[in-house]
Amino acid sequence: MSLLLFGLSLLKGGLEAALGARLRLLLANGADNRGQAFVLGLLVTMVLQSSTATAALMAGFVSAGLVSLVMAQAAMLGANVGTSLVSQILAFELDWLSPVALVLGLGLRRFGRNAAAEGTGNAAIGLALMLLSLALLKEASAPLQQAPAFQVMLVLVEDAPVVAILISAALAALAASSLAIVLFVASLAAGGLVGPELCLLLIAGANLGGALPPFLMTLGGAGRQMALANLLVRGVGAIAVASCAWLIGARLAWLDPASLAVQAHIAFNLSLAAAALPLLGPISRLVSWLAPLRASPADGPHHLNEKALAEPKAAIAAAMRESLRITDMVRQMLTATLGGLRSADEAACRSASAIDHRVDVLQEAVKLYLSRLSLDDLERQERRRVEDITAYTINLEHIGDVIQRSLVPLLLKNIRMGTRFSKEGFAEIEHLFEQILGNLNVAETLFLDGDIELARKLFSTKLDVRRIEQESRRKHLERLRSGDAGSLATSSIHLDLLRDLKRINGHIASTALPSLERAGLLNESRLK
């Protein structure tokens with residue numbers, strides 16, 4: 001079972017790395033009606049090998065306002081059918097394919113020249129391990145047919161349908177995969193250990209448990225309504241199976257035990273899809289009543305009022321207030337990073353890195369909010385303001401990325417190595433930090449009033465910071481020549497910090513470009 005889960009994880013991660021971006025774009029842009037969303041959810045899940053992964057994608061789209069709740073539910077119904085079809089494919093006698101897939105995967109990993117090839121290689125290795133694990137499961141379950149204790153346990157569980165469903169649901173939730181549990185039940189059924197009635201109960205439980213991880217994953221987020229709807233639909237299906245498993249199971253005794261579990265899995269999800277697709281509207285209203293969205297989650301936007309979109313001036317003002325929140329967060333990141341530098345505090349550096357997620361969420365929210373304004377309804381000045389806000393928040397998001405991906409790892413590396421900057425080198429980096437914090441304050445003021453002289457001043461800091469960086473680099477090299485111990489120990493980190501701080505200031509200075517460009521104060525090139 002562990003090998004099966006590990007192989008499934010490799011397969012899912014590899015395919016997502018190879019095709020994830022295209023699949024996300026396909027899902028976000030293609031869910032225009034219920035039928036289309038259903039088919040897309042089915043196809044994407046068959047590729048990703050996980051309805052949980054599809055649920056995570058759809059939750060993000062719902063949170064960002066790209067997909068409606070009804071379309072997301074339709075996609076999840078398709079995802080459930082998709083994962084059941086995958087179980088049918090894996091249930092075929094394909095263990096001979098395991099060594100072929102393993103060799104192919106290793107070859108792609110070794111000789112692949114891009115991330116897509118490496119991801120495909122990981123997926124092939126994952127498929128090989130899954131096929132091997134399924135063959136091992138069949139072998140391992142064979143002796144259980146002669147184990148009296150195991151047979152007694154199965155009889156007891158079969159007489160308690162609710163217990164059987166809950167056990168299977170718990171296993172699927174712990175494994176974060178209904179597919180893995182369905183394949184396990186199929187191996188037990190193939191060995192004659194599980195009768196038709198118990199097989200149906202365990203399959204219903206696996207489907208119910210498979211809906212739990214997406215629900216728990218989205219608690220507190222805008223995607224929780226979609227996950228709750230999926231959980232409710234599967235829960236109703238599990239109750240229906242529990243109430244009539246004895247009747248259905250008696251009529252399925254003639255089926256091949258080896259295929260019963262997989263076919264029951266497919267039938268369960270197709271039946272749910274057929275029943276729920278016409279009722280998605282009432283289901284959406286029900287889950288909206290059961291789990292109303294909070295007005296202002298801590299990490300989400302506070303000022304992007306939906307009603308303000310009817311009035312462009314009010315919507316632009318709301319987007320500006322949200323942009324100022326992003327500025328405050330970026331300032332917190334810089335301040336925390338400077339604090340980590342001064343006190344060699346890993347916690348302070350990590351806190352700066354953690355804020356980047358909130359910056360990304362708000363920047364995306366502002367961009368999508370403004371995209372919902374009709375440009376035809378905006379005056380020329382309002383259209384420019386929308387462009388300025390978008391450019392400003394993109395620059396802030398880039399600053400957050402530089403801090404999170406480069407600046408913080410550099411400082412953490414220095415702290416863990418236990419090295420210390422020279423007194424002069426530390427003072428130079430600290431001065432550059434403080435200069436950039438001051439420039440961020442200027443950029444915020446410029447964002448609010450658009451003063452041309454302030455824009456000139458801010459853009460000129462690009463040259464000032466470049467000179468400071470060049471001077472610090474020159475002095476650092478002089479200290480290296482003189483054999484300064486602190487400079488020798490921190491040389492690469494010192495120079496990388498200077499580079500990153502210059503990049504951050506470049507993004508700050510770029511916020512002045514729209515004002516300068518409109519005033520005709522920019523040359524097309526700096527080349528003489």
Side-chain angles (χ1 to χ4, degrees), residues 1 4-5 8 42 45-46 49-52 76-77 79-92 134 137-138 141 153-214 230-276:
M1 277 300 296
L4 176 63
L5 291 173
L8 180 60
L42 185 153
T45 302
M46 290 191 70
Q49 307 292 305
S50 172
S51 59
T52 302
M76 282 310 303
L77 290 172
N80 298 337
V81 174
T83 195
S84 65
L85 294 177
V86 170
S87 69
Q88 176 63 77
I89 295 171
L90 293 173
F92 291 131
L134 290 173
L137 272 173
K138 291 177 184 177
S141 61
M153 183 192 72
L154 291 178
V155 171
L156 292 174
V157 172
E158 191 168 7
D159 290 338
V162 175
V163 174
I165 288 177
L166 291 178
I167 290 175
S168 183
L171 290 174
L174 288 173
S177 171
S178 60
L179 175 61
I181 304 305
V182 168
L183 293 174
F184 177 61
V185 173
S187 68
L188 294 179
L193 297 169
V194 173
E197 182 178 344
L198 182 56
C199 183
L200 293 175
L201 294 171
L202 294 176
I203 293 301
N207 278 277
L208 177 61
L212 283 172
N230 186 43
L231 181 62
L232 287 176
V233 169
R234 289 204 191 186
V236 170
I239 293 171
V241 170
S243 64
C244 59
W246 60 273
L247 178 61
I248 300 175
R251 298 186 177 185
L252 297 179
W254 60 273
L255 284 175
D256 178 16
S259 61
L260 175 59
V262 172
Q263 291 175 6
H265 187 36
I266 296 173
F268 180 88
N269 285 292
L270 282 175
S271 300
L272 284 185

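Worth saying up front: this structure is predicted, and the values here are computed from it rather than measured. Values below: all heavy atoms of this structure, side chains included; hydrogens, waters and symmetry mates excluded.
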Restricting to non-hydrogen atoms, name the atom on L198 and the atom on A164 that form the minimum distance, rounded to 0.1 Å. CD1-CB, 3.9 Å

Do any N or O atoms from the side chain of S168 and from the backbone of L202 form a donor-acceptor pair under 3.5 angstrom? yes

CD1/I239 to CZ/R234 distance, rounded to the nearest 0.5 angstrom? 14.5 Å

Evaluate the side-chain proximity of M76 to V233: yes if any heavy-atom separation is below 4.5 Å, no if none is. no

Taking all non-hydrogen atoms of both residues, which atom of S87 and which atom of V262 are closest, and how far apart? OG-CG1, 3.7 Å

Which value, rounded to the nearest 0.5 Å, describes the distance between L85 atom CG and L270 atom CG? 7.0 Å

CD1-CG distance between I165 and N207, expressed to the nearest 0.5 angstrom: 10.5 Å

List the atom of N80, the atom of N269, and the distance in Å for their closest heavy-atom pair. CB-OD1, 3.1 Å

List the atom of A261, the atom of A186, and the distance in Å for their closest heavy-atom pair. CB-CA, 3.6 Å

For A173 and P213, which heavy atoms make the closest approach, and how far apart are they? O-CG, 3.9 Å

Out of the candidates T45, L4, V86, only one should pair with L179 under the side-chain contact (heavy atoms from CB on, under 4.5 Å) rule; please name it. V86

What's the verdict on side-chain contact (heavy atoms from CB on, under 4.5 Å) for N230 and L77, showing C-alpha distance, side-chain angles and the deciding distance? CA-CA 8 Å; N230 186 43; L77 290 172; 5.5 Å; no

Yes or no on side-chain contact (heavy atoms from CB on, under 4.5 Å) for V185 and H265, after CA distance, side-chain angles and deciding distance? CA-CA 11 Å; V185 173; H265 187 36; over 6 Å; no

Pairwise side-chain contact, L208 with L231, heavy-atom cut-off 4.5 Å (strictly under): yes

Looking at V81 and A273, what are the two nearest heavy atoms and their distance? CG2-CB, 4.3 Å

